[in-house]
Every structure is written in structure tokens, then in C-alpha cells.
Amino acid sequence: MPITFDSEKRIFKLDTATSSYIFEIYEENYIVHLYYGAKIPDCNVTQLKYRGSFPSFSPNNINVSDPMFSPDITPLEYSGEGTGDFRSAAVAVRNADGNNSTDFRYKSHKIYGGKPAIEGLPALYVENDADAQTLELLAEDSVTGVQAVLYYTVFENLGAMTRSVKIINASDRPVEIEKVYSSCVEFHTHDYELLTLYGKWGKERSLERRALAHGRQLVSSKRGSSSHHHNPFAAIVDKGATEDYGSAYGFNLVYSGNFAFEAEVNQFAGTRVLMGINPDGFGWKLEPGSSFSSPEVVMVYSANGIGEMSRIFHRLYRKHLIRGKWKDIKRPLLINNWEATGMEFTGEQLVTFAERAAELGIDMLVMDDGWFGNRDSDRCALGDWTVNEKKLGGTLSEFIEKINALGLKFGIWYEPEMISRDSELYRAHPDWCIHVPGREKSIARYQYVLDYSRQDVRDYIFGEMYKVLSANKIDYLKWDFNRNLTEVGSAQLPPERQKEVFHRFVLGTYEVMDRLTKAFPDMLIENCSGGGGRFDPGMLYYSPQIWTSDNTDPIERLSIQFGTSMCYPASTMGAHVSASRRTGYETKGNVALWGSFGYELDPNKFTEEDKKIVKQQVGEYHKYYDVIHFGDLYRLISPSENPFRAAWEFVSEDKTEALLTSVVMRKPEDRALFIKLKGLDPDKYYIDEDTHEVYSGALLMNAGLCIIASTDDGTSFKKYFKAVE
Ligand code: DGJ
């Protein structure tokens with residue numbers, strides 16, 4: 001049993017195959033955290049609740065027999081505001097008397113097989129109850145009567161667990177939640193480094209590493225989306241941990257809105273890690289009898305370095321986050337017209353794209369922004385989701401028929417949460433955008449954000465999309481989102497609920513996505529936000545792939561894809577070959593093959609030589625699809641650590657295939673790349689497809705392989721190994 005409760009010692013133990021997470025119900029029903037780390041067989045860790053010395057200025061509880069116990073010192077599972085713990089609280093509820101003292105203590109619990117869904121929110125799921133076990137722990141604030149249900153789900157075989165919280169107002173007076181983190185995890189030292197993914201538009205998810213220091217370290221977004229700027233991922237790793245050595249604790253929030261991750265090093269050098277909805281700008285009024293559910297945090301522990309942490313996330317997300325028809329079957333290789341044409345295209349021109357694409361073996365044409373209303377520039381028409389038949393030279397159905405007749409599927413672009421200032425929709429409903437009455441609305445890309453906290457707005461947009469999508473044969477939808485939220489207010493909510501708008505907006509988006517996936521279960525959805533501005537597990541629940549970045553330069557893409565791979569699997573990363581300035585098509589293809597592959601250019605401009613390369617790439621896409629999409633990733637040479645080269649490898653789950661890729665970023669001193677492969681079976685023999693040499697897995701991993709390849713900037717190579725009998 002992965003979850004056990006020792007009723008005598010009152011200790012909960014949550015085990016995966018490789019990790020243990022332990023906490024205790026202490027005197028006065030305090031929920032005391034004891035341990036999270038590599039798997040241990042026993043629970044004899046109760047000494048860990050102390051800090052060794054008693055500090056002045058840390059309050060005690062008069063009813064606890066041990067004077068060394070203080071809520072300010074003891075590691076706690078879900079600590080509240082203002083009741084003896086001066087560290088950053090996991091939860092704060094302002095009660096009807098106007099103060100926000102909050103103190104949840106253990107009341108009861110249940111343990112069961114499976115994993116419950118979270119109402120209105122994306123979450124990891126199981127198809128079979130045997131795949132996970134859940135602990136639901138009910139805690140209560142005895143003064144206010146407000147309750148907190150702490151959910152812990154353990155994925156035993158995958159080395160991962162999730163945490164989320166439901167706050168229930170079981171009192172007879174309204175309260176306001178001021179802060180509700182989804183998880184609180186305590187570490188006994190601060191001997192760690194913090195890994196985060198920062199960035200900006202066109203340069204998302206660069207890996208940053210820093211030592212933990214006293215005080216609070218915060219990574220967050222208050223843009224209304226998870227953002228290009230900070231990803232809702234962070235890891236606490238041993239000092240000096242590498243891809244293969246050291247402990248790594250990964251945290252990833254399944255949420256697409258304002259988030260915060262805090263690591264606070266306290267007076268005794270312990271570390272509290274919190275993650276959830278960003279409390280900055282958040283508030284939620286809870287009427288008696290109602291409840292609020294937090295998004296969930298995915299927690300992964302690896303004793304074998306950062307690489308293994310990533311592979312656990314990847315396996316978990318492929319199996320328990322990605323859903324629907326496109327989870328396991330091959331996705332279409334697409335060509336998108338955006339970088340080639342912008343909004344200035346005609347139907348006739350796109351048909352020529354499709355003709356060339358068909359000759360090259362490409363599966364699908366995606367018509368990007370510009371097909372609706374009078375959308376000829378980014379200044380207008382968002383919200384006017386009627387087909388511009390003049391531009392297409394006929395109806396959408398007629399256009400799609402031409403594409404389908406060439407043997408290609410068809411995909412379309414939408415930006416459903418937006419409204420242009422210059423649009424029919426805005427003229428008809430100026431109050432449908434997020435705004436604050438009387439205050440100038442900030443414009444970004446000449447557009448406003450629709451108020452998705454409103455049911456009428458959501459119903460209208462879904463209805464308009466439904467008309468187009470149900471009347472036409474559309475195989476794919478790119479859901480874009482090109483600005484952040486400002487002057488955040490909703491015309492439909494009372495003043496005391498205005499702090500709810502950010503979260504209600506996210507819930508509204510999820511609702512429309514949910515309706516879309518149910519109405520069109522066969523349609524592949526690719527999420528996008530000016531590239532990867534909403535690359536988060538919340539979006540992956542609705543769309544199995546996300547456009548990784550608007551930056552398609554293959555050298556720039558290396559650090560973006562390396563960073564993204566910290567927790568997101570290759571199959572989720574939209575990666576296209578474009579006409580970008582640097583490197584030839586071969587390297588562009590080798591980099592884009594890492595993800596969900598496609599092209600983003602005018603295929604009419606290909607030379608005969610280019611066409612040969614593209615045909616070869618299309619073949620490689622099919623040949624290597626399984627090893628890339630379902631295999632394990634090994635980051636061999638990181639572009640942020642090595643100034644010259646990057647290298648990575650995919651190994652199939654059964655270890656019978658391996659694909660190694662390396663790119664030269666800057667001319668290295670040595671011509672030969674001496675590389676040790678990882679993840680192979682030491683006892684198997686592998687044939688090198690190019691040279692037909694056969695090597696043992698042990699040789700390839702321990703002695704390594706000397707590869708002589710071009711060292712010119714922007715060149716690259718791939719090597720494919722297959723196990724032989
Ligand atoms: C931003 C996206 O990232 C691009 O790929 C493209 O779809 C444009 N928006 C269209 O406006």
C-alpha cells in the first residue's frame with residue numbers, strides 16, 4: 001500500500017517506488033511534516049520536528065506538553081496565518097470578525113484507490129484506480145469552523161505525487177480566502193539550489209540556478225497567465241546536483257493563471273516551499289456551505305539527479321495528464337503559413353502551399369491568423385469570428401475541400417479570449433472586456449481581454465466557434481492568447497468579489513476549452529500564447545501540444561527546448577522548421593525533430609536541394625516518432641553550460657532504440673566529439689545505422705563514442721542506434 005497510517009503513532013507515510021513522504025498528527029492535532037526524500041522503510045523520524053534549540057520570540061501552545069514545540073519552528077504540513085508561525089503561511093482566511101487568524105488542525109482522514117477530479121480545474125487523472133492512491137485529510141479551524149481538505153495522491157510506480165486543497169466554509173457566516181497555496185513542503189536544511197525557468201517573449205524558459213538564501217525567494221506571475229516570464233515550475237536540488245547525481249525535488253503547478261512559488265529559508269536554516277495561486281491580487285469570498293478548490297501541484301522526487309526528475313515528469317504527463325485521441329497516436333506533420341505570410345494571404349496562395357506540402361509528404365495545412373472578419377492587420381477584428389470569404393476566394397468549406405483533395409488535413413487559428421478595440425463585437429459590447437469603470441484601458445497589440453468570468457461572454461464565443469467548427473472539416477485548432485490582463489475588473493461582479501476576477505477568468509477559459517474538447521473530441525488542439533506564454537500543465541490537459549516559442553531560430557531554440565524539457569515531454573513541444581536566418585535546413589530539422597514537428601515557411605521558395613532535405617526529414621519524422629514522443633530524454637550537453645555544443649538523446653522505453661543529436665553553436669576547439677551515451681541496456685548490442693558498427697550498450701555508455709563531424713557553426717548531426725539480437 002503506498003499510503004499507510006500508523007494509528008498508534010499517528011503517522012502518515014506516502015511511498016512511491018523511490019520516495020517517501022512522511023508526516024505526523026502531533027499533540028493538539030497539529031499536522032507536523034517529518035520527511036520527504038529517498039524511500040525509507042521506517043517511520044522513525046519523529047525527532048525531525050525539532051530544531052534542536054529553543055528560540056526566544058517563537059510562541060508556544062500552552063496545551064502542548066513539550067515546551068520545545070513551537071508553530072514557528074516546527075515543520076508544518078499546511079500552516080495558517082497569524083497563529084504562532086511567522087514564516088510565510090500556506091493559507092489565510094479572513095473570518096467574519098474581520099481578522100485573518102487561521103489555524104487548521106487534523107480532524108479525520110480517508111484513504112482510497114484512484115484520484116478524484118478537481119471541479120472546474122485540470123488535474124492529473126487515472127483511468128484505473130489501481131494506478132494511484134489518495135489520502136484526503138480533513139482539517140478544521142475550530143474557532144471559525146472553516147475546514148480544509150488536504151488531498152495527496154501518490155503515483156507509486158512513477159515516483160510522483162500531487163497535492164491540492166479544498167477550503168470549505170462550514171460556518172454560518174461568510175469568510176474571505178486571502179491566500180490558499182496548494183502545497184507546503186518543509187525541508188530540514190537550506191543546503192540546496194533553486195532551479196527556475198525565466199524568460200520573455202521569444203526567449204521562454206531559460207534555466208536559472210541559485211543557492212537558497214535566508215528570507216523568501218519568490219517566482220511568480222501576476223499577468224493573468226502563467227507567462228513567458230516565469231514558468232510555474234521550480235526544483236530544489238542538492239548543491240552541485242547534475243543530470244545524473246544528487247537529489248532533485250520538482251514542483252509544477254497545474255494552472256494557467258497567476259501563480260507563486262516561494263522558498264523561505266528560516267532562522268534555523270530550514271526551508272519552506274509553497275506553491276499555488278499567487279496571493280497577490282487574489283481574494284475569494286466563501287458563503288456558508290460553499291467551497292473553493294485550489295489547483296494541484298505535481299511533486300516529483302529523484303535521487304538520481306535532475307535528468308531523472310525530468311524523465312519522471314515526462315512519463316507522468318504522457319500517461320496521466322495528456323488526454324484524448326491524440327495522446328497515443330501519431331500527430332499530423334503540419335505546415336503553418338504565419339511566418340511566411342502574416343495576415344496577408346489569399347486562399348489561392350495557401351492552396352499553392354498545400355500543393356507543395358503534399359509533394360513533400362506533409363500531412364496538414366494550418367491557416368493562421370487573418371482568415372476572419374476584416375482581419376488584415378493586428379489592429380482589428382478579434383471577436384468577429386466569421387469567415388472572410390473574399391480573402392479565401394469562396395466559402396471555408398470550399399477552401400478546405402481543395403486542401404483535402406490534395407490529401408492534406410486542415411487546421412485553423414483562433415484567439416478566443418480576445419477582442420479588438422476595432423471590432424464589431426467591441427462596438428456591440430464594450431463592457432464585455434475586462435476593465436475597471438472610469439479608468440483608461442491599457443491596450444496591447446491593439447486588443448483587450450474578454451471577460452471570461454462572464455457566462456454570457458463565454459457562451460457567445462463558444463457559440464461562434466461552434467458554428468465554424470461544426471460546419472467545416474477542421475482537424476486542428478491553434479488556440480492563441482496574445483496579451484496579459486490589466487485594469488482587472490468585471491462589470492458583472494460586486495465590489496467584494498472583484499479580487500476573484502483573475503481566477504474566474506482562468507476557470508472560464510478552462511470551461512470553454514472543456515466544452516470544445518467534448519464537442520470536437522477528434523480535433524487536435526495546439527495551445528499558444530505568443531509562442532510559449534502559457535506553456536503549463538493546465539493547458540496540456542486540454543491541448544496535447546503547445547507552440548513552444550515564436551523564436552524559431554534553431555540555435556536560440558536549443559536553450560528554450562532544454563529549459564522546457566525540465567518537466568514537459570518532447571511530444572508537447574511544438575517545434576517547426578522556419579526560414580529563419582541562421583543554419584541550414586538540416587540543423588533546423590534536427591532541432592525541430594525534438595518536438596511535435598512541422599514547417600512554418602513558404603514551401604514555394606524551396607530549391608530542389610531544400611526539397612530533398614525536407615523529404616528526408618519527413619521520413620525521419622515518421623521513423624523516429626516513437627522514440628522521440630514516447631522515449632526517455634537524456635540531456636547530454638547543455639547549451640547553457642557548454643558554449644560550443646548542445647547534445648541530447650532519446651532512448652525507447654524498451655531500450656532497443658536510441659537517437660543522438662548534437663548541434664554546434666560556436667566553433668569548438670576539438671574536431672572530435674567524444675560522447676558517452678546514457679540510458680542504454682549495458683547487455684544489449686546496438687548497431688550504428690551509419691557505419692554498421694556494432695557496440696555493446698556498456699561500451700557506448702562507459703567508454704563512449706568518438707564522433708568526427710563538422711565543427712562549423714550551425715552544423716549538426718544525428719546518430720541512430722538499434723539493438724541487434
Ligand atoms: C502569436 C503566435 O505565437 C504566432 O505563431 C501567430 O499565431 C500569431 N500570434 C498570430 O497573430
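Please read these numbers as outputs of a predicted model, since none were measured by experiment. Start at 1 with the first residue, then count along the sequence. All ligand and atom numbering here is 1-based and tracks the order in the structure.
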Check your understanding: Going by the atom numbers of ligand 1, which of them fall below 4.0 Å from some non-hydrogen atom of K478?
Key -> 4 (C), 5 (O), 6 (C), 7 (O)
Point to revise | Distance flag, aromatic centroids of H576 and W547, threshold under 6.0 Å | key: yes
Check your understanding: Is R445 close to ligand 1, meaning an N/O of one under 3.5 Å from an N/O of the other?
Key -> yes
Check your understanding: Looking at atom 7 (O) of ligand 1, what's its closest protein heavy atom, distance included?
Key -> D368 OD1, 2.7 Å
Exercise for review: Please could you name the atoms of ligand 1 that C528 approaches to less than 4.0 Å, counting only its heavy atoms?
Suggested key: 2 (C), 3 (O)
Review point. For the rings on W371 and Y414, is their centre-to-centre separation under 6.0 Å?
Key: yes
Check your understanding: Looking only at distance, does D550 have an N or O less than 3.5 Å from an N or O of ligand 1?
Key -> yes
Check your understanding: Looking only at N/O atoms, are G531 and ligand 1 under 3.5 Å apart anywhere?
Key -> yes
Check your understanding: Counting from 1, what ligand 1 atoms have a heavy atom of D369 closer than 4.0 Å?
Key -> 10 (C), 11 (O)
Review point. Between E600 and ligand 1, is there a nitrogen or oxygen pair with a distance under 3.5 Å?
Key: no
Exercise for review: Look at atom 9 (N) of ligand 1 and find which of T548, T552, D480 reaches it with the closest heavy atom.
Suggested key: D480
Review point. Which of the numbered atoms in ligand 1 are below 4.0 angstrom from a heavy atom of W547?
Key: 3 (O), 5 (O)
Practice item. Tell me, please, which residues at least two apart from S377 pass side-chain hydrogen bond (donor to acceptor under 3.5 Å, both in side chains). Key: none
Practice item. Check N336 against ligand 1 and report side chain, backbone, both or neither, counting heavy atoms closer than 4.0 Å. Key: neither
Exercise for review: Please confirm whether F233 and Y568 have ring centers closer than 6.0 angstrom.
Suggested key: no
Study note, to complete from the structure: So the atoms of ligand 1 within less than 4.0 Å of a heavy atom of G530 turn out to be 1 (C), 3 (O)
Review point. Below 6.0 angstrom between ring centroids: does that apply to Y255 and H503?
Key: yes
